[in-house]
There are 2 protein chains.
Amino acid sequence: MDAPDTRQRLVISAMQLFWEKGYGSTSIADLLKKADVNSGSLYHFFPGKQDVLLAVLDMYHAGIRQMLLDPAWQGVDDPLDKVFALLARYRQALVESDCFYACPIGSLALELHEPDAPVRERLARNFSAWTDAITECLEAAGTRLPLALDRRATARFVLTTMEGGVMLARTYREVSYFDGAVEQLKLYFDHLGRDAAAPASRSRRTPVRRKGRAR
Amino acid sequence: MDAPDTRQRLVISAMQLFWEKGYGSTSIADLLKKADVNSGSLYHFFPGKQDVLLAVLDMYHAGIRQMLLDPAWQGVDDPLDKVFALLARYRQALVESDCFYACPIGSLALELHEPDAPVRERLARNFSAWTDAITECLEAAGTRLPLALDRRATARFVLTTMEGGVMLARTYREVSYFDGAVEQLKLYFDHLGRDAAAPASRSRRTPVRRKGRAR
DNA sequence: GTCTATACCCTGATAGAC
DNA sequence: GTCTATCAGGGTATAGAC
């Protein structure tokens, strides 16, 4: 428990390096140095660099509760507050890193242009675990959201907004772009809350009118 | 016009390669082969590989109308239809590439973990040109959107949604994740349209109620 | 399981004749 | 402006003693 074994040291170091520098820019030499491990040991545990990445992604997946959700939801009970508390966590990561990095999974997902199937599957699994957690929040919100609302689809939209917001903030190096995305999402949720408050009554079906031909 | 000169051939080839394989995975050798140019010629025009990237980003920026907006808006006049027609263009790119790639700027933005200032500025400039175009559409929509709505912030949200949706679709290799993001955005716009239809009347300020402490 | 030394390749970039 | 040949360096991965 105190002195982590070699394999674990490698995975933890890799997690940090991939987060800070990305996968491609992290060399085996970087990793060996950081973990204080020799080349021979690494290749004793892993067939190659990509397999270290797989282990890292598995660790993210296994630790989503302890590493991400629990800290983000410390002292937050309301399910809808939880949604935005999680987003606030990413904001914090952006601020602390001067808008360099926030979501390690998203960064890897776009860095690796043609990831092999096992990598891609693990990225997707991480995203799914994330949306599962948000879906639970939205379900726990009960009647405060429209009954007809698709909780899972909405949860995915929260992830979409987070990842998109992070991308913009990173590119502009200004956290305000992330804030803007969250603000818009909040407006959307406010609209949903209003709909739930007036359940199925009044002028539904009054979408944005189109002048030109639709589609 | 017919036989593009060497420099142009390099930039066009680079644009395509960076899109397909990413910047890091495109080697100078790849580029020379594709453009049918010799090493000496490349380094005659460009100090290094990164400067080719700068030229590519400049070309995207200069050609946003001809290369992106004009084709997307072929036969579309309604300003709000234009918003979704542009998104449909990205969907098409996803479908045609089996969800491998869609937005070259976004891909580069996340691939390059710590891009040098000139690169980052050009990425940001491209995003800004994109949101400018959408902002114009939203302004042209006039009273069909709430007067109080921040057009620019909403345009950024459209970009956020597009980029986030592309990331998810790429990761899951399923265009339905992009469709889901667009669908949610459409729902949001429908809500906005309803608000505009009932201008400033009726129960504003009925956001999602919170049970726990706010913030 | 751990260590050192090293093979071998591909990278971006250069030199210098034409 | 174009060509060929090549450099120096860093990349992943391996070999083989301990």
Side-chain angles (χ1 to χ4, degrees), chain A residues 1-57 107-108 111-119 122, chain B residues 1-58 107-108 111-120 122:
Chain A
M1 196 218 196
D2 34 347
D5 64 9
T6 306
R7 196 198 127 96
Q8 201 168 4
R9 235 163 51 235
L10 279 169
V11 177
I12 291 174
S13 303
M15 181 157 42
Q16 193 164 344
L17 286 173
F18 293 166
W19 192 50
E20 292 170 4
K21 318 178 45 167
Y23 175 74
S25 302
T26 297
S27 71
I28 298 281
D30 292 336
L31 179 50
L32 296 176
K33 188 178 169 190
K34 174 136 199 154
D36 194 29
V37 162
N38 296 98
S39 168
S41 298
L42 188 153
Y43 286 99
H44 170 72
F45 291 108
F46 301 98
K49 186 183 177 185
Q50 176 169 300
D51 301 272
V52 180
L53 174 62
L54 295 182
V56 167
L57 291 174
S107 297
L108 288 167
E111 180 193 342
L112 308 169
H113 269 247
E114 306 201 12
D116 292 342
V119 175
R122 278 169 177 85
Chain B
M1 196 214 199
D2 33 348
D5 63 8
T6 306
R7 197 197 127 96
Q8 202 169 2
R9 232 161 53 233
L10 278 169
V11 177
I12 291 174
S13 303
M15 183 157 41
Q16 193 165 343
L17 286 173
F18 293 165
W19 192 50
E20 291 171 4
K21 317 179 44 169
Y23 175 74
S25 301
T26 298
S27 71
I28 299 281
D30 292 336
L31 179 50
L32 296 176
K33 187 177 170 190
K34 172 136 200 155
D36 194 30
V37 162
N38 297 98
S39 169
S41 297
L42 187 153
Y43 286 99
H44 170 73
F45 291 107
F46 300 98
K49 184 183 177 184
Q50 177 169 301
D51 302 272
V52 180
L53 174 60
L54 295 182
V56 167
L57 291 175
D58 284 339
S107 297
L108 287 168
E111 179 193 344
L112 308 169
H113 269 248
E114 306 202 12
D116 292 343
V119 175
R120 224 188 53 235
R122 279 169 176 84

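Just so we're on the same page: letters track the sequence lines, and every chain starts at 1. All of these numbers come straight from a predicted model, not from anything done at the bench.
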Who passes side-chain contact (heavy atoms from CB on, under 4.5 Å) against Asp116(B), sequence neighbours left out? Gln50(B), Pro118(B)

Once side-chain hydrogen bond (donor to acceptor under 3.5 Å, both in side chains) is applied, do any residues pair with [X], and if so which ones, sequence neighbours excluded?
{"X": "Glu114(A)", "result": "none"}
{"X": "Asp51(A)", "result": "none"}
{"X": "Ser25(B)", "result": "none"}
{"X": "Gln8(B)", "result": "none"}

Take the protein atom CZ of Phe46(A) and the nucleotide atom P of dT12(D), then report the distance between them rounded to whole Å. 15 Å

Expressed as a whole number of angstroms, how long is the span from Leu31(A):CG to dA13(D):C1'? 14 Å

Any Tyr43(A) side-chain N or O less than 4.0 Å from OP1/OP2 of dT14(D): no

With a cut-off of 3.5 Å and sequence neighbours excluded, list every side-chain donor-acceptor pair involving residues 33-44 of chain B.
none

Mind checking what makes salt bridge (charged side-chain N to carboxylate O under 4.0 Å, His left out) contact with Asp58(B), not counting sequence neighbours? Arg122(B)

When rounded to the nearest 0.5 angstrom, what is the spacing between [atom1] in [X] and [atom2] in [Y]?
{"X": "Leu57(A)", "Y": "Leu53(A)", "atom1": "CG", "atom2": "CG", "value": "4.5 Å"}
{"X": "Glu20(B)", "Y": "Ser107(B)", "atom1": "CD", "atom2": "OG", "value": "12.0 Å"}
{"X": "Leu108(B)", "Y": "Arg120(B)", "atom1": "CG", "atom2": "CZ", "value": "15.0 Å"}
{"X": "Ser13(B)", "Y": "Leu32(B)", "atom1": "OG", "atom2": "CG", "value": "9.5 Å"}

I need the full list of ring pair (Phe, Tyr, Trp, His ring centres under 6.0 Å) pairs touching residues 19-38 of chain A, with sequence neighbours left out, sorted by first then second residue. Phe18(A)-Tyr23(A), Trp19(A)-Tyr101(A)

Do any of residues 19-28 of chain B sit with a heavy atom less than 4.0 Å from DNA chain C, and if so which? Thr26(B), Ser27(B), Ile28(B)

Within residues 7-17 of chain B, the residues having a heavy atom closer than 4.0 Å to DNA chain C are none

Flag side-chain contact, heavy atom, 4.5 Å: Leu31(B) against Leu17(B): yes

Could you tell me, to 10°, how much the axis swings from one end of the helix from dG1(C)-dC18(D) to dC18(C)-dG1(D) to the other, five pairs per end? 10°

Distances under 3.5 Å only, N/O to N/O: pair up the protein atoms with those of nucleotides 1-5 of chain C.
| unit_1 | atom_1 | unit_2 | atom_2 | d |
| --- | --- | --- | --- | --- |
| dT2(C) | OP1 | Thr6(A) | OG1 | 2.9 |
| dC3(C) | OP2 | Asn38(A) | OD1 | 2.5 |
| dC3(C) | O5' | Asn38(A) | OD1 | 2.8 |
| dT4(C) | OP2 | Asn38(A) | ND2 | 3.1 |

